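A short write-up of the structure that comes next.
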Amino acid sequence: MNKAHRNIRPQIRQLDDACANRIAAGEVVERPASAVKELVENALDAGAARVDATYADGGKTLIRVGDDGHGMAPDDLPLALSRHATSKIDGADLLNIRSFGFRGEALPSLGAVGRLCITSRAAGMEGATITVDGGRLGPLRPEAAQYGTLVELRDLFHATPARLKFMRSDRAEAQAIADVIRRLAMAEPYVSFTLSDLSQDKPRQILRFDAAQGALFDALEERLADIIGRDFTDNALRIDAERDGLRLTGFAGLPTYARGAAVAQYVFVNGRPVRDKLLLGAVRAAYMDLLSRDRHPVVALFIDCAPELVDVNVHPAKAEVRFRDPGSARGLVVSGLRHALAGAGHRASGTLGGAMLGELGKGAGGSMGAGRYQASWPSPGACGAAQALQAPPQMQEAPALWAGAALESARGFRGDVADTPPVETADAPLGAARAQLHENYIIAQTRHGMVIVDQHAAHERLVYEKLKRQRAEANVPAQALLIPEIIELPPLQAAQLLELAEMLASLGLVVEPFGAGAVVVRETPAILGQIDARALIAEIVDDLADLGHSERLEAQIDAVLSRMACHGSVRSGRQMRVEEMNALLREMEATPHSGQCNHGRPTYVELSLPQIEKLFGRR
Ligand SMILES: Nc1ncnc2c1ncn2[C@@H]1O[C@H](COP(=O)(O)OP(=O)(O)O)[C@@H](O)[C@H]1O
Ligand SMILES: [Mg+2]
């Protein structure tokens, strides 16, 4: 820092507008995507029904946004370019903001750091155009223009070369621009959007979202299907909850639809896309015991409230907000999502079957060239006829015998095979158990297809949910070990574990000190049966260390319960009787969250008859 000597008194100066604008631009316009955000928000504030955005070279050389909104009168153009000039608030009430913009900073900031040209025409007025370059305003000129506004920004940051150096690759900037458009398009499903790349001679359309129709929830669903994918809306739950004057709506993906990174979490407050830590933290908390920590849910959530309950004027780019009551905002998100997820019961990602088919298709393609092979499959009818002609006579005569042999050989897998399922189980969502394969997979027949259950994963989830229920009702019932298990641990870890002894005891795990650097386990949760207490303790110690000290007690409890469930589950490799398998299926149907294991993996996949038929080329 260049500190003036105490004897030389520096002079206080009023900075000129151009300089003040450049400073403001530093906050408002961080990169090309922020310029796009400001311009598109202006278009939406002007009531546009369609917004067309274009960029070249990642937005560094050109950004153009056209809209069919209410436009500006010629006299408004120079005013719009001056600092703190806005038509959106009158300055009387900063707590009652209903538009994207209100600070009156975007256009003058953009004009300070690039070459800006605005052309606009309002109803009943002549069109006009004005330019501003590096803060210098050009003359206002009449221009034959369409109704609406076209803003063109060239050579962003040419006036601030330092900032130019911080730009990322064209591709990264282009992706950030697309992300801005996606977020705003989610906020405004009734508006059409396009985004095009003009870097090459021929413009290339990057995004196109046509105006959605219908009631808001349906329109939103249509828009989300366009943006995130039909996969998402097919595997998401509708959220609609209310609390303390805040309303939460939107869609939340099933845990089995989670992603490897938190890239598809969209949150809006009063229609404004935000990246708010409080809200994103609440989303994470809601899914906490449904996903392992490296999986991230996909959500599009909208919080709406009276404008005075939330301050949007916290951040120049308005990416963060401040709720008057942050606790109730967080609580609404956590409870709203949890409630919906619990209601989803055993439902796992419905597209898993499709994904599986895709995989199977690929497998066939490897050696045989699935495409050609498939194309030459005859129709099912032709197949039947051809088979009748070709099949050797003994085969035709002995279908019953053959089926019996199949049954025998299925028994040879050492699984159990059920005969005709009882009527009531055949109609149950997870169907009637027919066989167990490889001592871990239950095959069940449903009314319209089949499901394959990962018995270990399913059982783990059921035990976990039961443990949670027991804990919620009272303490988890424990059973004393015949011979208490003495476990040596590094002194620090032993001490850490014993600090939590009370909490562990409430979870059915009674641990006591046993000299320095050892603990003794006296009781374990009854529901787990005979377990390896030593292995369980070792893993719990690791889990707690992973969580760190700062995590809340609830998180620690969830981690311990989840680890216990893992130990108490039917490990793969256990044979089950048909009644046992059916009991497991029925319990899954009745248990919340049973569609995925504690790590967010599915506990079952479903294949519909049409999917199975497709697999065999019958469709
Ligand atoms: N696309 C547009 N259509 C109509 N009016 C616009 C448009 N863009 C900007 N304006 C006008 O210019 C003003 C200044 O815009 P801006 O600098 O972004 O500030 P703010 O959006 O905070 O009001 C707006 O208040 C609005 O009246
Ligand atoms: Mg604005």
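The chain is numbered in sequence order, starting from 1. The structure presented is a predicted model; accordingly, all values stated were derived computationally and were not measured.
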side-chain hydrogen bond (donor to acceptor under 3.5 Å, both in side chains) against Q265, all qualifying residues, sequence neighbours excluded: none
Worked check of salt bridge (Lys or Arg N to Asp or Glu O under 4.0 Å) between E473 and R469: CA-CA 6 Å; E473 283 159 11; R469 252 193 333 269; 5.1 Å; no
Pairing residues for E242 by the salt bridge (charged side-chain N to carboxylate O under 4.0 Å, His left out) criterion, not counting sequence neighbours: none
Flag, side chain of R223 to backbone of A185, donor-acceptor distance under 3.5 Å: yes
Pairs flagged by ring pair (Phe, Tyr, Trp, His ring centres under 6.0 Å) wherever residues 265-292 is involved - sequence neighbours left out: F268-F302
Residues in side-chain hydrogen bond (donor to acceptor under 3.5 Å, both in side chains) contact with S506, at least two apart in sequence or another chain: none
Under the side-chain contact (heavy atoms from CB on, under 4.5 Å) test, residues paired with D276 that sit two or more places apart: V274, L278, L279, E320, V321
Under the ring-ring contact (aromatic ring centres under 6.0 Å, His included) test, residues paired with F251 that sit two or more places apart: F217
E488 CD: over 12 foreign heavy atoms closer than 6.0 Å: no
Test applied, side-chain contact (heavy atoms from CB on, under 4.5 Å); reference residue, R272; option that passes from V312, V310, L184: V312
Pairing residues for R322 by the side-chain hydrogen bond (donor to acceptor under 3.5 Å, both in side chains) criterion, not counting sequence neighbours: none
Selection residues 527-542 - residue pairs positive for side-chain hydrogen bond (donor to acceptor under 3.5 Å, both in side chains), sequence neighbours left out: E485-R534, E539-R563, E539-H567
From CA spacing to verdict: salt bridge (Lys or Arg N to Asp or Glu O under 4.0 Å), R601, E460: CA-CA 11 Å; R601 290 192 298 271; E460 177 176 325; 5.7 Å; no
Show the atom names and distances, to 0.1 Å, of all donor-acceptor pairs under 3.5 Å that link a side chain in residues 173-180 to residues at least two apart or in another chain.
{"from": "E173", "atom 1": "OE1", "to": "R31", "atom 2": "NE", "distance (Å)": "2.9"}
{"from": "E173", "atom 1": "OE1", "to": "R31", "atom 2": "NH2", "distance (Å)": "3.2"}
{"from": "E173", "atom 1": "OE2", "to": "R168", "atom 2": "N", "distance (Å)": "3.0"}
{"from": "D179", "atom 1": "OD2", "to": "R183", "atom 2": "NE", "distance (Å)": "3.1"}
{"from": "D179", "atom 1": "OD2", "to": "R275", "atom 2": "NH2", "distance (Å)": "3.2"}

Stepwise salt bridge (Lys or Arg N to Asp or Glu O under 4.0 Å) test for R247 and D240: CA-CA 7 Å; R247 174 141 188 242; D240 196 350; 3.0 Å; yes
Side-chain heavy atoms of V333 within contact of V267, under 4.5 Å: no
Qualifying residue, where the test is side-chain contact (heavy atoms from CB on, under 4.5 Å) with L507 and the options are I540, I557, L500: I557
Pairwise salt bridge (Lys or Arg N to Asp or Glu O under 4.0 Å) hits with a residue in residues 329-339, at least two apart: none
Distance in Å, T603 OG1 paired with L430 CG, rounded so as to fall on 0.5 Å steps: 8.0 Å
Residues in salt bridge (charged side-chain N to carboxylate O under 4.0 Å, His left out) contact with D170, at least two apart in sequence or another chain: K60
Test side-chain hydrogen bond (donor to acceptor under 3.5 Å, both in side chains) applied to E523 - qualifying residues, sequence neighbours left out: none
